[in-house]
Number of protein chains: 2
Amino acid sequence: MSDQASLPEQAHLSGNNAIETLRDDLPDDEILYDLAELFRVFGDSTRIKILYALFESELCVGDIAQVLHMSQSSVSHQLRVLKASKLVKFRREGKAVFYSLDDDHVRSMIALGMEHVEE
Amino acid sequence: MSDQASLPEQAHLSGNNAIETLRDDLPDDEILYDLAELFRVFGDSTRIKILYALFESELCVGDIAQVLHMSQSSVSHQLRVLKASKLVKFRREGKAVFYSLDDDHVRSMIALGMEHVEE
DNA sequence: TTATCACATGAACAATTATTCATATGAAGG
DNA sequence: CCTTCATATGAATAATTGTTCATGTGATAA
C-alpha cells in the first residue's frame, strides 16, 4: 500500500495539484470495492453458466447441476454467492428450490460483456 | 468436473430431454470462459480504480500510481492485464507511456455495474 | 558512452477461492 | 416416529492471483 522507495514525483499532468484533484474525483473506496466485487461474481465460468442457464426460465438446483454437468454441492455453493450479490432470487416449492435471475440488470451486464468478447 | 455419486436424475423440467436441450442452447464453453475472464478483469479494485482514473483523460503510468497511492510496479502489472483484455490502449511519448480507455464499452460496463451497486 | 528517468517483468510470498467430500437441515410421505 | 429426497454448509485441498522486491529494457540528454 505504501509508495515505492523513490518516486520522482514528476507529474506529467498539467497544473500543480492536478493529481489530487483527480484523486478526489474518484468515487469512494467502498463503492469502488463493491463495484469490483460485483464484477468478480460474474468473473467465474461456473457462475456465468448458471446465470445463462437461468436466462429463459427458473430452474431448481438439481436441474442446474445436470445441465452444467456439475455436482449439486458446487452449484449450491455458487448459488449462495449469486444470492449474496442479489443476482438471483429463489422460491421454495416442496423439497425443491427454484432459482431465477433477480432482474434485467443481469441480462444487460452479460449482454454487454458478450459484445466485447465477440469483438 | 465429474458428477457426484448418485444424482436422483429426477428432472423437474417438463419434457424428457429438456435438460439436454437447455444445455445445447448454452454458448460454447470457450465463449463463456472468455466472458467470465472479461468480468474477472473488472473484478479487482485496483484495476477498477485505474479504469476510473482514465475516465476523463489519458495518464502515464507514474501519474496513475500517484493518483491511486500505489507502487509503479503494481500499476504496471495491472495495466498489462487491462491491455491484454483490450480495455486500455497506450501510446509512447518520450520516456513516458500514456494509457487511455480503449473504447466506450468500458464506460458502459462500469456504468451498468454502478447502477446495480447503488441499488 | 554513461547516467538517469519511466516503465516492464520475473520470482516469491500471501491471500483468496472453487471444488470435493462428508454431513447437516428441512420438507414430504408413510 | 422414521425414511427419503433436495438442498445447504463446514472443512480441507488445490489452484489462482495481487503485491512486493529486485532487476531488466528502452528512451533521452549530457
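Lettering of chains follows the sequences in order, A, B, ..., and the numbering in each one begins at 1. Atom set for the values below is all heavy atoms of this structure, side chains included, hydrogens, waters and symmetry mates excluded.
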Legend entry - Ion pair check, K86(B) and D103(B), cut-off under 4.0 Å: no
All N/O contacts under 3.5 Å from nucleotides 24-28 of chain D to the protein, with atom names and distances to one decimal?
none

Legend entry - Among dT19(C), dT7(D), dC7(C), the one nearest Q72(A) by side-chain distance: dT7(D)
Inset, instruction - Confirm from the modelled atom types if S73(B) and dT9(C) form a donor-acceptor pair under 3.5 Å, side chain to base only. - result: yes
Inset, instruction - Decide yes or no, distance alone: a donor-acceptor N/O pair under 3.5 angstrom between the base of dC21(C) and the side-chain of S71(A). - result: no
Inset, instruction - Begin with the C-alpha distance, continue with both residues' side-chain angles, and end with the deciding distance and a verdict on salt bridge (Lys or Arg N to Asp or Glu O under 4.0 Å) for D29(A) and K49(B). - result: CA-CA 9 Å; D29(A) 266 33; K49(B) 288 177 186 173; 3.3 Å; yes
Inset, instruction - Under 4.0 Å from any atom of DNA chain D, heavy atoms only: list the residues of residues 75-83 of chain A that qualify, in numerical order. - result: S76(A), H77(A), R80(A)
Taking atom [atom2] of [N] as reference, at what distance in whole Å does atom [atom1] of [X] sit?
X	N	atom1	atom2	value
F39(A)	dT17(C)	CZ	P	17 Å
L68(B)	dT19(D)	CG	C1'	14 Å
M70(B)	dC21(D)	CE	C1'	15 Å

Inset, instruction - Respond yes when some side-chain nitrogen or oxygen of Y99(A) is under 4.0 Å from OP1 or OP2 of dA6(D), and no when none is. - result: no
Legend entry - Side-chain N or O of R40(B) closer than 4.0 Å to phosphate OP1/OP2 of dT16(D): no
Legend entry - Lys NZ or Arg CZ of K89(A) over Y99(A) ring: under 6.0 Å, within 45°: no
Inset, instruction - Is it possible for you to check whether R40(A) lies under 6.0 Å from the centre of the six-membered ring of F39(B), through NZ or CZ, and within 45° of that ring's axis? - result: no
Legend entry - Residue met sooner reading DNA chain C from 5', once D44(A) and F98(B) are mapped to nucleotides: F98(B)
Inset, instruction - Applying side-chain contact (heavy atoms from CB on, under 4.5 Å), run through V61(B) and F98(B) and close with a yes or a no. - result: CA-CA 7 Å; V61(B) 180; F98(B) 286 86; over 6 Å; no
Inset, instruction - Could you check L54(B), L82(B), L87(B) and say which one makes a side chain to side chain contact (heavy atoms under 4.5 Å, CB included) with V106(B)? - result: L87(B)
Inset, instruction - Can you see which heavy atom on E58(A) is nearest to which on S100(A), and at what distance? - result: CB-CB, 3.8 Å
Inset, instruction - Indicate, with yes or no, if V117(A) and Y33(B) share a hydrophobic cluster defined by side-chain heavy-atom contacts under 4.5 Å among Ile, Leu, Val, Met, Phe, Trp and Tyr. - result: no
Legend entry - 4.5 Å side-chain heavy-atom contact, L32(B) and S45(A): no
